[in-house]
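A quick write-up on the structure given underneath.
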Amino acid sequence: MRIATVTRKTNETDISVEVNLDGTGVYDMNTGVGFFDHMLDQLARHSLIDITVRATGDLHIDDHHTVEDVGIALGQALTQALGDKKGIRRYGECHLPMDDAQVRCALDLSARPFLVWNMEITTQKIATFDTELVREFFQAFATHGGITLHIDQLHGFNSHHIVEAAFKAVARALRFAVEKDPRKADAIPSTKGAL
Ligand SMILES: [Mn+2]
């Protein structure tokens with residue numbers, strides 16, 4: 001079973017994450033940050049990875065620690081659940097339109113964390129959510145998930161659409177990358193013999 005549970009407790013946040021890579025996109029998010037929950041719902045729904053997130057963070061300061069630490073825990077859970085990566089497709093990509101916005105994601109489950117971030121989110125806030133935290137989330141997720149993660153905004157003007165398109169693009173790309181390729185049997189998808 002490609003599943004993982006991660007718990008992470010610091011003075012700033014207390015987080016538990018469960019993932020099932022071979023799920024159907026069932027989600028159950030409770031981070032205390034409404035817009036972020038809405039985005040994590042998209043990540044699960046469109047990757048078909050079952051994801052449960054429970055987070056209690058220092059929201060009296062701001063949402064920063066909670067969003068970043070959920071990214072860390074989700075990345076760790078992805079790494080654990082992928083294991084030796086036998087048989088996976090490894091690469092994924094998606095052009096995701098959402099009304100005015102279009103975002104492209106290309107990713108590699110390479111164990112070489114790298115974030116390329118070409119996004120221009122048009123407002124600083126979506127309701128009470130700081131839009132700069134979207135990058136913080138993906139940076140943490142890429143670092144701890146061992147993902148070479150490229151996210152490029154092609155166009156768009158509505159912040160909610162731009163950010164949601166980014167989450168959905170990553171989700172769709174991730175779905176393809178984590179899936180087992182039936183032609184690969186259990187081969188590790190690298191000529192190095194390890195990822
Ligand atoms: Mn929405």
Side-chain angles (χ1 to χ4, degrees), residues 13 15-21 23-59 61-75 77-78 92-107 115-142 144-145 147 149-179:
T13 62
I15 292 167
S16 72
V17 168
E18 290 171 34
V19 301
N20 175 4
L21 301 187
T24 54
V26 176
Y27 53 84
D28 184 5
M29 310 300 177
N30 191 344
T31 67
V33 182
F35 180 74
F36 187 43
D37 284 350
H38 179 45
M39 293 302 102
L40 294 173
D41 291 349
Q42 308 306 323
L43 188 63
R45 171 53 84 199
H46 295 281
S47 66
L48 300 184
I49 297 171
D50 295 343
I51 304 176
T52 299
V53 175
R54 292 277 173 278
T56 309
D58 52 4
L59 301 181
I61 298 176
D62 67 3
D63 300 342
H64 192 118
H65 301 139
T66 301
V67 171
E68 183 176 20
D69 292 359
V70 167
I72 291 170
L74 260 178
L78 177 69
E93 57 171 329
C94 179
H95 280 80
L96 197 295
M98 184 168 181
D99 299 347
D100 53 286
Q102 189 180 157
V103 175
R104 178 180 63 211
C105 173
L107 62 80
L115 178 67
V116 172
W117 182 257
N118 287 314
M119 297 284 288
E120 281 187 43
I121 304 169
T122 46
T123 62
Q124 274 191 321
K125 295 267 192 187
I126 297 171
T128 60
F129 183 80
D130 293 317
T131 53
E132 67 177 5
L133 298 182
V134 180
R135 181 184 183 146
E136 296 301 305
F137 171 79
F138 283 117
Q139 179 70 67
F141 184 56
H144 294 270
I147 311 168
L149 181 60
H150 292 210
I151 304 174
D152 298 282
Q153 177 182 332
L154 303 184
H155 46 79
F157 52 81
N158 179 280
S159 290
H160 188 123
H161 293 158
I162 292 165
V163 173
E164 189 161 338
F167 272 87
K168 287 176 169 174
V170 171
R172 286 288 299 206
L174 197 57
R175 173 188 168 177
F176 193 81
V178 304
E179 279 178 351

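Each ligand, and each atom within it, is numbered from 1 in the order the structure gives. Everything numeric in this text was worked out from a predicted model, so none of it was measured.
Shortest distance from the Mn ion (ligand 1) to E164 is reached at OE1 (N/O/S atoms only).
When distances to the Mn ion (ligand 1) are checked against a cut-off of 2.8 Å, H161 contributes no N, O or S atom below that limit.
Between H160 and H38, the ring planes lie tilted relative to each other; the angle falls in the 30° to 60° range.
No more than 12 heavy atoms of other residues, nucleotides or ligands sit less than 6.0 Å from atom CD of E93.
Under the side chain to side chain contact (heavy atoms under 4.5 Å, CB included) test applied with Y27, the options D41, I49, L43 reduce to a single match, D41. Between T31 and the options D63, D37, T13, a side chain to side chain donor-acceptor pair (under 3.5 Å) holds for only D37.
Rounded to the nearest 10 degrees, the angle NE2 (H38) to the Mn ion (ligand 1) to NE2 (H160) equals 100°.
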